[in-house]
Visitor: 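If you scroll down you'll find the structure; I have some questions about it.
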Amino acid sequence: MIKNKNDYIEYVKADRMALNNPNWKSIVWRYLKTMRKAEFYTNCRGGWIAKLYRFKLKLLSEKSGICIPINTFGKGLGLFHYGTIIVNATAKFGDYCVIQTCTVISKNVSGGDYVYIAPGVKINDNIQIGNNIILGQNAVVTKNITEDGTTWAGIPAKKISNKGFYDDDKYQHKK
């Protein structure tokens, strides 16, 4: 969660890195920047400027089809396509997550760091997801996934691999 201006700067830099230096005109990049500004002003300043950025976020949400409430994802959020991403306001995820299109994350979902959510994934209510998890295309998550460093797919989602989202040699921003 963004608690000060330094956090805000760190989050925006991590988001930019996650998107591999996106085109500044990209609607996804504009959405992410606006979401981070709304988080900063809501958490740190309040007042009319916070309301303004939440309103801007709502307009971009309607335009892009992305509905990610503020303070639900940590830094380094990867959104590579716009369209039909719905996240409940009670969901909370860690750092360096990726969400693809046509995904729905229900209420009270708790996710760790380095979670990859492939296109079409649905996560039911009250689910906990560990760290370094891949959720395969069109998976429906109906139970907790607490085994770190694994891949899950299917309806309902079942473990299909012991390979997770990140590789120690490949990712330098790993905690």
Side-chain angles (χ1 to χ4, degrees), residues 1-2 11-12 14-15 17-19 22 26-40 42-43 53-54 56-161 163-166 175:
M1 180 184 293
I2 296 174
Y11 272 57
V12 171
D15 292 345
M17 276 182 40
L19 294 179
S26 160
I27 191 165
V28 172
W29 178 235
R30 287 186 303 158
Y31 185 90
L32 270 174
K33 284 192 315 182
T34 304
M35 183 179 80
R36 298 307 186 188
K37 282 184 180 177
E39 289 174 353
F40 171 70
T42 300
N43 298 344
Y53 276 103
R54 287 195 307 266
K56 283 183 173 187
L57 186 64
K58 182 178 185 277
L59 293 177
L60 280 171
S61 181
E62 291 171 359
K63 190 173 185 179
S64 67
I66 301 170
C67 182
I68 302 174
I70 63 172
N71 298 318
T72 53
F73 282 87
K75 65 185 172 199
L77 178 59
L79 299 174
F80 298 102
H81 305 284
Y82 61 90
T84 321
I85 297 173
I86 301 169
V87 179
N88 187 282
T90 60
K92 299 289 181 228
F93 280 78
D95 297 338
Y96 302 106
C97 295
V98 172
I99 306 175
Q100 298 289 355
T101 60
C102 298
T103 59
V104 176
I105 300 173
S106 299
K107 66 180 179 181
N108 299 321
V109 174
S110 174
D113 296 336
Y114 298 96
V115 176
Y116 178 85
I117 303 170
V121 170
K122 311 296 183 261
I123 304 174
N124 287 354
D125 297 353
N126 306 312
I127 299 291
Q128 292 183 344
I129 298 171
N131 297 307
N132 190 20
I133 301 292
I134 297 173
L135 300 175
Q137 187 169 353
N138 295 320
V140 176
V141 181
T142 59
K143 64 180 183 176
N144 293 339
I145 299 175
T146 55
E147 188 178 348
D148 293 347
T150 54
T151 300
W152 296 70
I155 303 171
K158 295 179 177 98
K159 185 170 101 170
I160 62 168
S161 172
K163 181 179 177 173
F165 181 41
Y166 69 77
K175 291 182 178 180

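Hydrogens, waters and symmetry mates play no part in the numbers below; they use all other heavy atoms, side chains included.
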Visitor: Look only at the side chain of Asn131 and the backbone of Asp148, and say whether a donor-acceptor pair between them is shorter than 3.5 Å.
Guide: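 No, the answer is negative, given that no donor and acceptor are paired below the 3.5 Å cut-off.
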
Visitor: If I compare all heavy atoms of Pro69 with all of Val87, which pair ends up nearest, and what's the gap?
Guide: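 Looking at all heavy atoms of both residues, the closest pair is CD-O, 3.1 Å.
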
Visitor: If the condition is salt bridge (charged side-chain N to carboxylate O under 4.0 Å, His left out), which residues does Lys159 pass it with, not counting sequence neighbours?
Guide: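 Residues passing salt bridge (charged side-chain N to carboxylate O under 4.0 Å, His left out) with Lys159: Glu147.
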
Visitor: Does anything in residues 59-68 form a side-chain hydrogen bond (donor to acceptor under 3.5 Å, both in side chains)? List the pairs, not counting sequence neighbours.
Guide: Lys58-Glu62

Visitor: So do the side chains of Val28 and Tyr82 get within less than 4.5 Å of each other, counting heavy atoms only?
Guide: yes

Visitor: Holding to side-chain hydrogen bond (donor to acceptor under 3.5 Å, both in side chains), I want the full list of residues that pass it with Asn144, two or more places apart in sequence or in another chain.
Guide: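 Asn144 satisfies side-chain hydrogen bond (donor to acceptor under 3.5 Å, both in side chains) with no residue once adjacent residues are dropped.
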
Visitor: Do Ile133 and Thr150 have side chains that get closer than 4.5 Å, going by heavy atoms?
Guide: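 Yes, their side chains come closer than 4.5 Å.
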
Visitor: Once salt bridge (charged side-chain N to carboxylate O under 4.0 Å, His left out) is applied, do any residues pair with Lys107, and if so which ones, sequence neighbours excluded?
Guide: none

Visitor: With sequence neighbours excluded, what pairs up with Arg54 under the side-chain hydrogen bond (donor to acceptor under 3.5 Å, both in side chains) test?
Guide: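 Residues passing side-chain hydrogen bond (donor to acceptor under 3.5 Å, both in side chains) with Arg54: Thr42.
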
Visitor: Just by modelled atom types, is the Cys102 backbone N or O under 3.5 Å from a matching donor or acceptor in the Lys122 side chain?
Guide: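 Present.
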
Visitor: How long is the gap from CD1 on Ile27 to OG1 on Thr34, to the nearest 0.5 Å?
Guide: 9.5 Å

Visitor: Would you confirm whether Tyr114, through its side chain, and Gly94, through its main-chain N or O, come within 3.5 Å as a donor-acceptor pair?
Guide: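 Pair absent, no side-chain N/O of Tyr114 close to backbone of Gly94.
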
Visitor: Pairs in or reaching into residues 28-40: which pass salt bridge (Lys or Arg N to Asp or Glu O under 4.0 Å), with residues at least two apart or in two chains?
Guide: Asp15-Arg36, Arg36-Glu39

Visitor: Determine yes or no for a side-chain-to-main-chain donor-acceptor pair under 3.5 angstrom, with Asn132 supplying the side chain and Phe165 the backbone.
Guide: yes

Visitor: For the residue pair Thr101 and Ile85, what are the closest heavy atoms and their distance?
Guide: CA-CG1, 4.1 Å

Visitor: Looking just at side-chain N and O atoms, do Asn108 and Asn126 make a donor-acceptor pair shorter than 3.5 Å?
Guide: yes

Visitor: Please give me the minimum heavy-atom distance between Asn43 and Met1, naming the atom from each residue.
Guide: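 So the two residues come closest at ND2-CG, 3.3 Å.
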
Visitor: Can you find a pair of side-chain heavy atoms, one from Val109 and one from Val141, that are under 4.5 Å apart?
Guide: no

Visitor: Between Ser106 (side chain only) and Ile123 (backbone N and O only), is there a donor and an acceptor less than 3.5 Å apart?
Guide: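 Looks like yes, one N/O pair under 3.5 Å.
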
